[in-house]
Peer 1: 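One structure coming up, written as structure tokens, with questions to follow.
None of the values given here were measured: they were computed from a predicted structure.
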2 protein chains.
Amino acid sequence: MSTTMKDVARIAGVSISTVSKVINGSPTISQATIDRVNHAIKNLNYTPNERARNLARKSTKHVAFLTLVKRDMAFYNPHVFEIMLGSQQALSSRGYTMEFIGLKFKNLDVVKNLVESQKIDGMIVHASVITQEMTKFIVKSKIPHVIIGMPNFPNGVSWIDNDNNLSGQLATKHILSLEKEKIAFIGGKKNDLISELRLEGIKEELSHNMISMSDNHIIKTNSSFKDGYEATVKLLNDKERPNAIICANNLLDLGCIKALNDYSIKIPDEIAVVTFDDYPYAIITNPPTTAINIDVYDLGQQASRLLIEKIKKPNYHFQTYMTVPLLVTRESTRKTI
Amino acid sequence: MSTTMKDVARIAGVSISTVSKVINGSPTISQATIDRVNHAIKNLNYTPNERARNLARKSTKHVAFLTLVKRDMAFYNPHVFEIMLGSQQALSSRGYTMEFIGLKFKNLDVVKNLVESQKIDGMIVHASVITQEMTKFIVKSKIPHVIIGMPNFPNGVSWIDNDNNLSGQLATKHILSLEKEKIAFIGGKKNDLISELRLEGIKEELSHNMISMSDNHIIKTNSSFKDGYEATVKLLNDKERPNAIICANNLLDLGCIKALNDYSIKIPDEIAVVTFDDYPYAIITNPPTTAINIDVYDLGQQASRLLIEKIKKPNYHFQTYMTVPLLVTRESTRKTI
DNA sequence: TTGAAAGCGGTACCAC
DNA sequence: GTGGTACCGCTTTCAA
């Protein structure tokens, strides 16, 4: 058998409740016994049994991180893992551990069983697995939680997200500072909420500056290299050719820059380009593309921070928390002399 | 209070040990009572308390996945996460859960505490966190484990890895099938074990075919775009210019292809190119690069499978398990007509 | 086929 | 300050 508290108590010549108090840093123990107990712990090389503690203290210091997963996802959607990394770091620095749960579909039963089995103190849930029914369950169960990403339906859950509207504004502000006003946008289809929010931000910033955006300059498409290429060609053929293009993601950007190069358009002199997200292609386009970067690691950290806050103070409430995007300037918007 | 086994027992009119047996599928219970108990469970919406089960059964059905982590790692080193994905999938399909532990350095104390706290049944450890001291501890502790990646020192641990030697052979075989024999290799420095193993495979396959490799055609460098570019230029200037180049990774490949394009070398007619790993750049080079791909998801799955095997049969032993690389043929080695 | 009861290894309240 | 002890909620003999 492995050594238990009983052994420590015996060796130290105290009761097991005293040992427990020493381990948990209770203030009511004299320094002398603290030393005796710690000495015994060292000698016996004793480590508390976490399973027993979990049962006794009715909490596990264990948090679940839930996300939808697919094969190869680490390659084409690394952001989720960077969020997870931030979450885990913030959790472990506060004495919590993290269970990673990758779901193949929005599985309500798994979530239910997870919270009802009482093996976690809270959960961080990526918006990809969320359904309206699930939010209802989460709210009713009162499990401490943070959703990563704004749900696109009414809900009572606590969520945190990047400020996508602000991202759009930032991109636009930057382009306007180059004295370019004919801005085009290549983005996702209408149901792509993030793309829509960014577009809104772009429009807002433009109207602040009394500039309107031509409908022909807004292209909603899929998110492949090819789509980016074709959208760009379409923009080049528009009767009022834009002098700046904002791409909703790296793949569209890759296609866009390729098209501009093929048509011998000077970047940024004739057309400047800005993309959202910094990875993986913004760095290697020719020229490298200016990007609005989201610090997803930070997003994960904030999520954990808020979650632990909620675990500790059950009546602590928040509905939303926005993290801030960052501009990374590169040649695609750098004025040539 | 939440409902417990006691409640179920009372409602079903049986003892709690009977309830336990029903839940755990004991064969000694009559169908009639099984039905009664299950009915009560449904009615009360009862879920067993996992904390209590863990303590009572002295096992947690919980496995740790350990790896070294750094900020932005999901972007520049997604492979680890794809391995994790495979592991988690294989674990959960067998009723196990996974704790993700990202370490900032090779922290022996964390590992010790992890196994001594008895909260995991086993662990999958990425080679990035392994030290010789740690392998000693792991072996001594008898904790079921699988190391992902061959340790580069003598050890008694169980590990699993891709067959990097075979990868090198595969790349070489493919190039030889194009009737090109002057093969060059751009790889990592000497301490890069994986790169060395691949090079060995290349050499082995060549010597099988009675072909020797010029020392000038082996370049060991760092792993940046720039290094790939420069190495390629050096190869182009060699008195005996190679007609095929094997790059140890995607970034080197990116630089290599760029250099070949800048020097107007026809790919693959004048020089064919093969790279290791398929992501993220092999797909987008011009032309796209043929790659030797490692199915890291599968690697993760195998690791979990073996780990659970070991958990269930403590005297089941293995030292190594090799997964097989895959050739993805693209334009960079496709014969033009 | 079922149930009583002794753990599993701690925590935390309460008495001293 | 310290110790006795009743749990925490389940699993697992062992006897009936």
Side-chain angles (χ1 to χ4, degrees), chain A residues 1-41 44-62 95 113 115-121, chain B residues 1-41 44-62 95 97 113-121:
Chain A
M1 254 4 279
S2 57
T3 71
T4 71
M5 242 171 166
K6 229 181 226 165
D7 303 317
V8 177
R10 190 165 32 76
I11 299 296
V14 295
S15 74
I16 66 162
S17 53
T18 302
V19 176
S20 174
K21 279 167 191 151
V22 171
I23 286 174
N24 294 293
S26 160
T28 73
I29 308 289
S30 74
Q31 191 56 47
T33 50
I34 290 181
D35 293 341
R36 284 228 312 292
V37 170
N38 279 331
H39 192 246
I41 289 178
L44 295 169
N45 189 27
Y46 166 74
T47 308
N49 181 317
E50 210 57 37
R51 297 192 317 261
R53 301 182 88 176
N54 288 341
L55 179 59
R57 77 161 108 75
K58 298 168 193 290
S59 108
T60 53
K61 297 270 194 177
H62 193 53
N113 185 69
V115 344
E116 282 165 359
S117 71
Q118 302 176 55
K119 65 176 173 179
I120 55 162
D121 290 353
Chain B
M1 254 6 278
S2 56
T3 71
T4 70
M5 243 171 165
K6 226 181 228 165
D7 304 316
V8 177
R10 190 165 29 76
I11 300 295
V14 296
S15 74
I16 67 163
S17 52
T18 302
V19 176
S20 172
K21 280 166 190 154
V22 170
I23 286 174
N24 294 294
S26 160
T28 73
I29 308 288
S30 72
Q31 191 57 46
T33 50
I34 290 182
D35 293 342
R36 285 229 311 292
V37 169
N38 279 331
H39 192 248
I41 288 178
L44 294 170
N45 189 26
Y46 166 73
T47 307
N49 181 317
E50 210 57 37
R51 296 193 316 261
R53 299 184 89 175
N54 288 342
L55 179 59
R57 77 160 109 74
K58 300 169 193 291
S59 108
T60 53
K61 298 265 190 183
H62 193 53
T97 54
N113 185 69
L114 180 67
V115 343
E116 282 165 359
S117 71
Q118 302 177 55
K119 64 177 174 181
I120 55 163
D121 290 352

Peer 1: Can you tell me the distance, in whole Å, between the CD atom of A/Glu116 and the P atom of D/dG9?
Peer 2: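 Whole-Å distance recorded here is 15 Å.
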Peer 1: Do B/Asn54 and B/Ser59 make a side-chain contact, defined as non-hydrogen atoms from C-beta onward lying under 4.5 Å apart?
Peer 2: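 Answer no - side chains too far apart.
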Peer 1: I want to check one thing: is the phosphate of D/dC8, taken as OP1 and OP2, less than 4.0 Å away from some side-chain N or O of B/Asn49?
Peer 2: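 So the side-chain polar atoms of B/Asn49 never come under 4.0 Å of the phosphate oxygens OP1 or OP2 of D/dC8.
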Peer 1: What is the distance, rounded to the nearest whole Å, between atom CG of A/Leu55 and atom P of C/dG10?
Peer 2: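 Rounded to whole Å, this separation is 12 Å.
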Peer 1: In whole angstrom, what separates B/Arg53's CZ from D/dC10's C1'?
Peer 2: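 Nearest whole value for this atom pair: 8 Å.
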Peer 1: Measuring from the side chain of A/Arg57 (C-beta onward, heavy atoms only), which nucleotide among C/dA12, D/dC10, C/dG10 has the closest atom?
Peer 2: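 In terms of side-chain proximity for A/Arg57, the closest of C/dA12, D/dC10, C/dG10 is C/dA12.
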Peer 1: Across nucleotides 1-7 of chain D, 5' to 3', mark each nucleotide with B, S or - according to how protein heavy atoms within less than 4.0 Å reach it.
Peer 2: BBBB---
Peer 1: Among D/dT12, D/dC8, C/dG10, find the nucleotide with the atom closest to the side chain of B/Ser20.
Peer 2: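 My answer, after comparing the listed nucleotides, is D/dT12.
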Peer 1: Are any non-hydrogen side-chain atoms of B/Asp121 and B/His62 less than 4.5 angstrom apart?
Peer 2: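 They are not in contact (no side-chain heavy atoms under 4.5 Å apart), so the answer is no.
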Peer 1: For A/Lys21, check salt bridge (Lys or Arg N to Asp or Glu O under 4.0 Å) against everything at least two apart and list the hits.
Peer 2: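 Salt bridge (Lys or Arg N to Asp or Glu O under 4.0 Å) check on A/Lys21 returns nothing, list empty.
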Peer 1: Below 4.0 angstrom from OP1 or OP2 of C/dG9, is there any side-chain N or O of A/Tyr46?
Peer 2: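 No, no such contact exists.
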Peer 1: Less than 4.5 Å apart, side chain to side chain, heavy atoms only: is that true for B/Thr60 and A/Arg51?
Peer 2: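 The answer is yes; the side chains approach within 4.5 Å.
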Peer 1: Could you check how far CD of A/Glu50 sits from P of C/dG9, rounded to whole Å?
Peer 2: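 Roughly 14 Å, once rounded to whole Å.
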Peer 1: Rounded off to whole Å, could you give me the CG-to-P distance for the A/Asn24 and C/dC13 pair?
Peer 2: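 My rounded result for the distance is 12 Å.
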Peer 1: Rounded to whole angstroms, how far apart are CZ on A/Arg51 and P on D/dT11?
Peer 2: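 Computing the A/Arg51:CZ to D/dT11:P distance gives 13 Å.
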Peer 1: Give me the one residue out of A/Val37, A/Ile11, A/Val8 that meets side chain to side chain contact (heavy atoms under 4.5 Å, CB included) with A/Tyr46.
Peer 2: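 Answer after filtering A/Val37, A/Ile11, A/Val8: A/Val8.
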Peer 1: Over all strands shown, is B/Asn54 touching base, sugar-phosphate only, or nothing at heavy-atom distances under 4.0 angstrom?
Peer 2: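 Counting heavy atoms under 4.0 Å across all strands, no contact is made by B/Asn54.
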Peer 1: Find out whether B/Asn49 and B/Thr4 are in side-chain contact, i.e. whether some heavy atom of one side chain is under 4.5 Å from a heavy atom of the other.
Peer 2: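 No, side chains not in contact.
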Peer 1: Which heavy atom in A/Gly95 sits nearest to a heavy atom in A/Lys61, and how many Å separate them?
Peer 2: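 The answer is O-CB, 3.8 Å.
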Peer 1: May I have the distance from B/Arg10 (atom CZ) to C/dT2 (atom P), rounded to whole angstrom?
Peer 2: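 Interatomic distance, CZ of B/Arg10 to P of C/dT2: 20 Å.
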Peer 1: B/Met5 has a side chain; which of D/dT11, C/dT11, C/dG10 sits nearest to it?
Peer 2: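 Looking only at heavy atoms from C-beta outward on B/Met5, the closest nucleotide is D/dT11.
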Peer 1: How many Å lie between NZ on B/Lys6 and P on D/dT11, as a whole number?
Peer 2: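 Interatomic distance, NZ of B/Lys6 to P of D/dT11: 15 Å.
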